[in-house]
Amino acid sequence: MRKPIIAGNWKMNKNPKQAEEIVTELIPLVKEANADVVVCVPAVCYSTVANLVKNTNIKLGAQNVHWEVSGAFTGELSADMLKSVGVEYVIIGHSERRQYFGETDRTVNLRVKAAVNAGLIPIICVGESKMERENNYTNALVSYQTLIALKGLTNDQIKNCVIAYEPVWAIGTGLVATDEQANETIGVIRKAINDNYGKDVADAVRIQYGGSMNPSNVKGLMAQPEIDGGLIGGASLKAQDFSKVVCFDK
Ligand code: 13P
């Protein structure tokens, strides 16, 4: 059985003081969670949040990582740098980075390899636009995005990765994929992994749904057999809301 994993993606929200408030409120609310709990925060909040979540069941995540170890890459952070301040997870290839910052499947793969080799757990985002869904490209696209992202990893490394299926049309729009749509597409991603890396790898990889997931729709989504968790944007910005998503089974 795969353990559910619920991750908050704060995106470009919250300064360290606000981070302290929300995480302090969150800690007691999620301490009995049956899911792994991650908060992916802006870089300015890493040390504040790392100190607060020490000895709790909340893990610290980042929202991007560069693939080189060091060098002339203004504005970037390496996997070792993230590790050194207590980061354990890192979102890679979010659609906002693909859309606004020139992220490609090739750079996603470089980042994933760097993260894994440094001992970080990547949360690899894949997903289709509205146009791609309407033209029936979804299955081919998410399979391709997934396989390119994982290229060059060993089977054991892949088992430890997390994939987030985030239909672009559902992000921040209030539109959520139906339980069945999300389950079906995550099944497609798992099949692509199965066909290329075998059943034991496909059975181990945790695949989240992301896109307007919130306290009112989490139960239905999590009841689906293929869905192993969620990557939560807007609803992760309030401790009460995020804790209800994390504790979906209570
Ligand atoms: P929303 O939950 O705000 O739709 O964002 C989803 C997301 O992009 C998480 O990475």
Side-chain angles (χ1 to χ4, degrees), residues 4-14 18-19 22 26 30 35-43 45 49 58-65 82 87-101 103 108 111-112 115 120-130 132-133 138 141-142 145-146 149 161-179 181-183 185-186 189 206-222 224 227-248:
I5 175 166
I6 307 284
N9 175 10
W10 290 5
K11 309 190 179 183
M12 198 173 74
N13 293 290
K14 312 272 182 206
Q18 295 165 325
I22 181 171
L26 187 64
V30 300
D36 286 339
V37 189
V38 184
V39 286
C40 300
V41 309
C45 302
V49 175
I58 301 175
K59 306 287 189 198
L60 175 60
Q63 299 173 13
N64 192 20
V65 61
L82 298 181
V87 170
E88 295 182 58
Y89 288 79
V90 58
I91 297 171
I92 296 177
H94 192 279
S95 67
E96 287 149 18
R97 296 217 61 87
R98 294 178 190 257
Q99 203 175 336
Y100 306 132
F101 302 102
E103 186 80 78
V108 168
R111 293 183 210 280
V112 168
L120 294 170
I121 300 177
I123 299 175
I124 304 163
C125 301
V126 301
E128 82 288 0
S129 66
K130 185 164 175 285
E132 287 157 346
R133 178 160 283 270
T138 300
L141 181 77
V142 297
Q145 288 176 326
T146 302
C161 291
V162 177
I163 295 171
Y165 166 56
E166 298 207 302
V168 179
W169 49 270
I171 295 177
T173 57
L175 289 175
V176 63
T178 64
D179 300 345
Q181 265 174 338
N183 189 64
T185 307
I186 289 177
I189 294 168
R206 293 184 293 177
I207 311 180
Q208 302 171 312
Y209 168 77
S212 301
M213 199 163 169
N214 62 40
S216 62
N217 57 34
V218 62
K219 273 196 170 57
L221 287 159
M222 290 304 294
Q224 296 290 327
I227 304 180
D228 302 320
L231 185 55
I232 320 299
S236 73
L237 297 174
K238 289 196 182 130
Q240 291 288 341
D241 287 350
F242 188 56
S243 70
K244 286 183 192 138
V245 177
V246 167
C247 301
F248 66 91

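Atoms within a ligand are numbered from 1 in the order they appear, just like the ligands themselves.
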*Asks:* In terms of atom number and element, which parts of ligand 1 are under 4.0 angstrom from non-hydrogen atoms of Ala170?
*Replies:* 4 (O)
*Asks:* Starting from atom 3 (O) of ligand 1, locate the nearest protein heavy atom and write down its residue, its atom name and how far away it is, to 0.1 Å.
*Replies:*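 Answer for atom 3 (O) of ligand 1: Gly234 N, 2.8 Å.
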*Asks:* Roughly how far, to the nearest 0.5 Å, is CG of Leu120 from CZ of Arg111?
*Replies:* 13.5 Å
*Asks:* Counting heavy atoms only, which part of Asn9 comes closer than 4.0 Å to ligand 1: side chain, backbone, both or neither?
*Replies:* side chain
*Asks:* Does Val168 offer a backbone N or O that forms a donor-acceptor pair with the side chain of Ser129 under 3.5 Å?
*Replies:* no
*Asks:* Mark up the atoms of ligand 1 that fall under 4.0 Å of a heavy atom belonging to Glu166, in ascending order.
*Replies:* 6 (C), 7 (C), 8 (O), 9 (C), 10 (O)
*Asks:* If you have a sec, work out which protein heavy atom is nearest atom 5 (O) of ligand 1 and how many Å separate them, to one decimal?
*Replies:* Lys11 NZ, 3.3 Å
*Asks:* Distance-only, no hydrogens or angles: does the Gln63 side chain make a donor-acceptor pair with backbone N or O of Asn9 under 3.5 Å?
*Replies:* no
*Asks:* What I want to know is whether Ser212 and ligand 1 share at least one N or O pair that is separated by under 3.5 angstrom.
*Replies:*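 By distance alone, the answer is yes.
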*Asks:* Could you identify the single nearest non-hydrogen protein atom to atom 2 (O) of ligand 1 and state the distance to 0.1 Å?
*Replies:*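 Of every protein heavy atom, Gly233 N, 2.9 Å lies nearest to atom 2 (O) of ligand 1.
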*Asks:* Ligand 1 and Ala235, any nitrogen or oxygen pair closer than 3.5 angstrom?
*Replies:* no
*Asks:* Checking Glu88 side chain against Ile121 main chain: does a donor-acceptor pair fall under 3.5 Å?
*Replies:* no
*Asks:* Side chains of His94 and Glu166: do they bring a donor and an acceptor to under 3.5 Å?
*Replies:* yes
*Asks:* Using a 4.0 Å cut-off to any heavy atom of Gly211, which atoms of ligand 1 qualify?
*Replies:* 4 (O), 6 (C)
*Asks:* So is there a nitrogen or oxygen of His94 less than 3.5 Å from a nitrogen or oxygen in ligand 1?
*Replies:* yes
*Asks:* Look at the side chain of Arg97 and the backbone N and O of Val108, then say whether any donor-acceptor pair between them is shorter than 3.5 Å.
*Replies:*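 No.
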*Asks:* Which value, rounded to the nearest 0.5 Å, describes the distance between Leu231 atom CG and Ile5 atom CD1?
*Replies:* 9.5 Å
*Asks:* Could you go through the side-chain contact (heavy atoms from CB on, under 4.5 Å) check for Tyr209 and Val176 one step at a time?
*Replies:* CA-CA 10 Å; Tyr209 168 77; Val176 63; 3.5 Å; yes
*Asks:* Could you list the atoms of ligand 1 found under 4.0 angstrom from a heavy atom of Gly172?
*Replies:* 1 (P), 3 (O), 4 (O)
